[in-house]
Amino acid sequence: MRYSQSLIPTLKENPAEAEVASHRLLLRAGYIRKLTAGIYTYLPLGLAAVRKVEHIVREEMNRAGAQELLMPMVQPADLWHETGRYEKYGPELLRFVDRHDRESCLGPTHEEVITDLVRREIRSYRDLPKNLYQIQTKFRDEIRPRFGLMRGREFIMKDAYSFDVDDVQAGESYQRMYDAYKKIFTRCGLDFRPVEADSGTIGGSFSHEFMVLADTGEDTLVICSSCDYAANSEKAEVKAPQADESPLLELTKVETPGKRKVPVVCEFMEIEPHELVKTMVYKADEEYIAVLVRGDREVQEVKLKNHLGVVDVEMATDKEVYDATGVPTGYLGPIDITIKLLVDQEVAAMRNFVCGANEKNFHVKNVNMGRDFEPAAVADLRQITASDPCPVCGAALGMKEGIEVGHVFKLGTGYSTAMNAVFKDSNGQDKPMVMGCYGIGVSRIVAAAIEQNHDENGMAFPMPLAPMQVILLNLGLKDEKITKTAESLYLELQEKGVDVLLDDRDERPGSKFKDADLLGIPLRVTVGKRLTKDGVVELRQRKDGATEELAPEMVAARIVELINAAMID
RNA sequence: CGGGAUGUGGCUCAGUCUGGUAGAGCACGUCGUUCGGGACGACGGGGUCGGAGGUUCAAAUCCUCUCAUCCCGACCA
């Protein structure tokens, strides 16, 4: 590719709209341009980087026995009604009607379409298993798109779906995808972790996320310092504590005028937040639920949602709390509460704690579960903290930020049952197919790779994802020898299958160096004065600045050597 | 959706508080010098000040509405 003929509109200054590194640099380096919120055009280099990711994903998916196909982006609402997701999916699903008044939507994911296809085409256990995937543009009308390619509304995703005869076979499919994903992210040159995850709206019973470690990540991971336990913090189980065996003390009501917040109540009553229990009210679909957690803990809404098996939970407003319980916020407690009560397992192990009295301006102390109130259920409902022990081995946990680039789910038979995707088993019986689904955020990987690989001068792509492997600078356009050498090197590298960008622009050397750094191309070859003076060209690595001077005829072989060493198989 | 902020040549911003008829740097065009880490000089082109309405002799500036974008929280590849 010739720079002079390409469209690589680099920016000298940081665009005002971008905060995080990948977003800022993708714009500055002329990889992407925004069309509207969360929707981007991929310019030649941006697209080239996406293609590199796609290439690796394709190879490993094919190697794992999956077949590529391509499904439509526009989908009929009818299909979504079959699984009930037309109602459940919420406003993220962009819906519209066509000229015939047919309800349609833009595909945010393709379980319905693939299941429809498979139920029509697959009859027998002899046709299974199948694993089908596509790489395609998805549309999700995100509430808040942000950070450029990290969370767009329109994005490129690889989604795969497996169909098996039973749980055992489905487990094998899942494991094959899990292994393929590890391979894919390793080959991309990313520092990542597979973690246990919540299965979210897609549904299903078991799942792992693949997280690229980066400070700008939107997820928090807990990682055990000793064993190999790692989980998304919203999913991470909290180990149940030892039950307190202290003798039960007498229940006592205390007047606490105007004391509503945990720290205020604690100060007033001269106790620590861990001796207090707070009562949080949530709106779970249409029902109000009270949840008890220790004063210094947070309710983990995902856990609550899963425990209740509801679509949505959100914290009730002060007014809703009052309307539902007749008690103003700040004085709520479990005793004689009028709505459904759930108790975090940690609270269940406490004795003689303080909580609201369900009466304005009063709290009670020495409250004990079993004696003073009975909950509907006890469960693990709180957010894990860094000071919690590993739920598996008990060792200390560490917390890290991560970007989710892949997600694998065991779906079970939910979709196949809802959509009647059945096959005949060896006894001639109809059975629902056992499904799995597996996503990779292709465009997000590009952003994640930049988050992990950049410095103050620009990006520094890992070789496998770099849109171009070499940038070749001609610093003497008017010098015959320099230009001839640069041009013949350009041809030679192309013949050897190297992706090379020839900077043949009529620009000053300084601009070319600055742009080369910004673009993040791993290898840079400079043909300039050193050639006329000493007969050498310079080869420099973007990441560490390692520089070598070589005779022009040695360069191509050296580059091939460096590329081969940097590619991961 | 709640909270915060911003919209002024292609880009980054000043000007807004205190109304007086739009400015800098970069980019762009021409010419000259320069040419291995974002050169310099001269000349030049380019802006309905996000949009609509209002107040005023006069609005980028004040008021109302509206649109868009970005950042912080609940969703997800």
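The chains referred to below are lettered A, B, ... by the order of the sequence lines, with proteins before strands, and numbering in each begins at 1. Atoms considered below: every heavy atom in the structure, side chains included; atoms not considered: hydrogens, waters and symmetry mates.
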Rounded to whole Å, CG of A/D503 lies from C1' of B/G37 at a distance of 13 Å

A/K478 NZ to B/G36 P, in whole Å, measures 11 Å

In whole angstroms, the gap separating C1' of B/A77 from CD of A/E54 amounts to 14 Å

Paired to B/U16 by Watson-Crick or G-U wobble criteria (both distances under 3.5 Å) is none

Given the C1' atoms of B/G7 and B/G50, what is the spacing between them in whole Å?
-> 6 Å

query = Counting only N and O atoms by type, is there a donor-acceptor contact under 3.5 Å from the side chain of A/H110 to the main-chain atoms of A/P72?
reply = yes

A/E13 atom CD is separated from B/G10 atom C1', nearest whole Å, by 12 Å

Donor-acceptor pair, distance only, cut-off 3.5 Å: does the side chain of A/Y288 make one with the backbone of A/K340? no

Query raised in the report: Salt-bridged, A/D517 to A/K512, with N to O below 4.0 Å?
Result: no

Checking N1-N3 plus N6-O4 or O6-N4 for Watson-Crick, or N1-O2 and O6-N3 for wobble, each under 3.5 Å, the partner of B/A22 is none

Self-check item: A/D116 side-chain N/O to A/E112 backbone N/O, donor-acceptor pair under 3.5 Å
Solution: no

Paired to B/C65 by Watson-Crick or G-U wobble criteria (both distances under 3.5 Å) is B/G51

Taking for A/G152 and for A/R540 the nucleotide of RNA chain B with the nearest heavy atom, the one nearer the 5' end belongs to A/R540

Quick test: give all pairs of protein nitrogen or oxygen and nucleotides 69-72 of chain B nitrogen or oxygen below 3.5 Å, distance rounded to 0.1 Å.
unit_1 : atom_1 : unit_2 : atom_2 : d
B/U69  : OP1    : A/T36  : OG1    : 2.8
B/U69  : OP1    : A/A37  : N      : 3.0
B/U69  : O3'    : A/K34  : NZ     : 2.9
B/C70  : O3'    : A/E17  : O      : 3.3
B/C72  : OP2    : A/R144 : NH1    : 3.1
B/C72  : OP2    : A/R144 : NH2    : 2.8
B/C72  : N4     : A/R144 : NE     : 3.3

| message | Given 3.5 Å as the limit, does a donor-acceptor pair link the side chain of A/E451 with the main chain of A/S22, or not? | response | yes

B/S/- along nucleotides 28-33 of chain B (protein heavy atoms under 4.0 Å) is ------

For B/C76, the nucleotide meeting Watson-Crick or G-U wobble distances (both under 3.5 Å) is none

A/G436 backbone acceptor or donor facing A/K410 side chain under 3.5 Å: no

(request) Identify whether any heavy atom of A/G510 sits under 4.0 Å from a base atom; if not, whether one sits that close to sugar-phosphate; answer base, sugar-phosphate or nothing. (result) sugar-phosphate

Output yes when A/R24 and A/E19 qualify as a salt bridge under the 4.0 Å nitrogen-oxygen rule, no when they do not.
-> no

Margin query: According to a cutoff of under 5.5 Å between the ring centres and under 30° between the ring planes, does A/F513 stack with the base of B/G36?
Written below: no

Can we say A/E60 and A/R63 salt-bridge, meaning some charged N sits less than 4.0 Å from an Asp/Glu carboxylate O? yes

Taken to the nearest whole Å, CD1/A/I143 to P/B/G3 is 15 Å

With a non-hydrogen cut-off below 4.0 angstrom, is A/P15 in contact with a base, only sugar-phosphate, or nothing? sugar-phosphate

By the Watson-Crick or G-U definition, both distances under 3.5 Å, B/U33 is matched with B/A39

With rounding to the closest Å, how many angstrom separate the P atoms on B/C17 and B/A74? 39 Å

- Task: Sticking with atom P, work out how far B/G15 lies from B/G20, rounded to a whole angstrom.
- Result: 13 Å

Practice prompt. Tell me whether the OP1 or OP2 atom of B/A39 has a side-chain N or O from A/R508 closer than 4.0 Å.
Written response: yes

Against the side chain of A/D515, the closest entry in B/G38, B/A77, B/G36 is B/G38

Of the candidates B/C75, B/G36, B/C26, the side chain of A/K12 sits closest to B/C26

Atom CG of A/D506 and atom P of B/U34 are separated, to the nearest Å, by 15 Å

Exercise for review: Report yes or no: is there a donor-acceptor pair, N or O only, under 3.5 Å between the side chain of A/R28 and the base of B/G38?
Suggested key: yes

Using atom C1' of each nucleotide, how far apart are B/C49 and B/C13 to the nearest Å?
-> 13 Å

From the candidates B/C1, B/C75, B/U12, the one with an atom nearest any side-chain atom of A/V302 is B/C75

message = For A/D515, is there an ion pair with A/R505 - N to carboxylate O distance below 4.0 angstrom?
response = yes

Any strand, both distances under 3.5 Å, Watson-Crick or G-U wobble: B/C70 pairs with B/G4

Of the candidates B/G38, B/A77, B/G37, the side chain of A/E142 sits closest to B/A77

Can you tell me how far P in B/G23 sits from the matching atom in B/G45, rounded to whole Å?
13 Å

Checking B/U34, B/C75, B/G36 against the side chain of A/T526 (C-beta onward), the nearest is B/G36

N-O pairing of A/D344 and A/R297 below 4.0 Å: no

With the side chain defined as heavy atoms from C-beta on, A/K514 is closest, among B/G37, B/G36, B/C75, to B/G37

Under 3.5 Å donor-acceptor pairs involving side-chain atoms of residues 40-47 of chain A, not counting sequence neighbours:
unit_1 : atom_1 : unit_2 : atom_2 : d
A/Y40  : OH     : A/H23  : NE2    : 3.2

Counting the atoms with a prime plus P, OP1 and OP2 as sugar-phosphate, which does A/G406 contact under 4.0 Å by heavy atoms, base, sugar-phosphate, or nothing?
sugar-phosphate

Open item on the list: Taking only the P atom of each, what is the distance from B/C26 to B/G38 in whole angstrom?
Closed with: 14 Å

A/L11 CG to B/C13 P, in whole Å, measures 12 Å

Here the distance between atom C1' of B/A77 and atom CZ of A/F139, to the nearest Å, is 15 Å

pair_partner(B/A27), Watson-Crick or wobble, both distances < 3.5 Å, evaluates to none

Any A/T109 side-chain heavy atom under 4.5 Å of A/Y89 side chain: yes

>> Please check this pair: side chain of A/R95 against backbone of A/C105, looking for a donor-acceptor N/O pair closer than 3.5 Å.
In response: no

Relative to A/Y133, does A/R58 satisfy both conditions: NZ or CZ under 6.0 angstrom from the six-membered ring centre, and within 45 degrees of the ring's axis? no

Measuring only the P atom in each nucleotide, how far is B/G46 from B/A52? A whole number of Å is fine.
22 Å

(message) Using a 4.0 Å heavy-atom cut-off, does A/R524 contact any base of the nucleic acid, only the sugar-phosphate backbone, or nothing at all?
(response) base

Using a distance-only criterion (donor-acceptor N/O pair, under 3.5 Å, no hydrogens), is the base of B/C76 paired with the side chain of A/R140?
no

Under 4.0 angstrom, heavy atoms only, what part of the nucleic acid is A/D159 near: base, sugar-phosphate, or nothing? nothing

Gap in Å between the two C1' atoms, one belonging to B/G47 and one to B/A14, rounded | 15 Å

Whichever of A/E92 and A/E538 has the more 5' nearest nucleotide on RNA chain B, that residue is A/E538

Partner of B/U56 under the Watson-Crick or G-U wobble criteria, both distances under 3.5 Å, comes out as none

_Please determine whether any donor N or O and acceptor N or O are separated by less than 3.5 Å between the side chain of A/R505 and the base of B/G38._
no

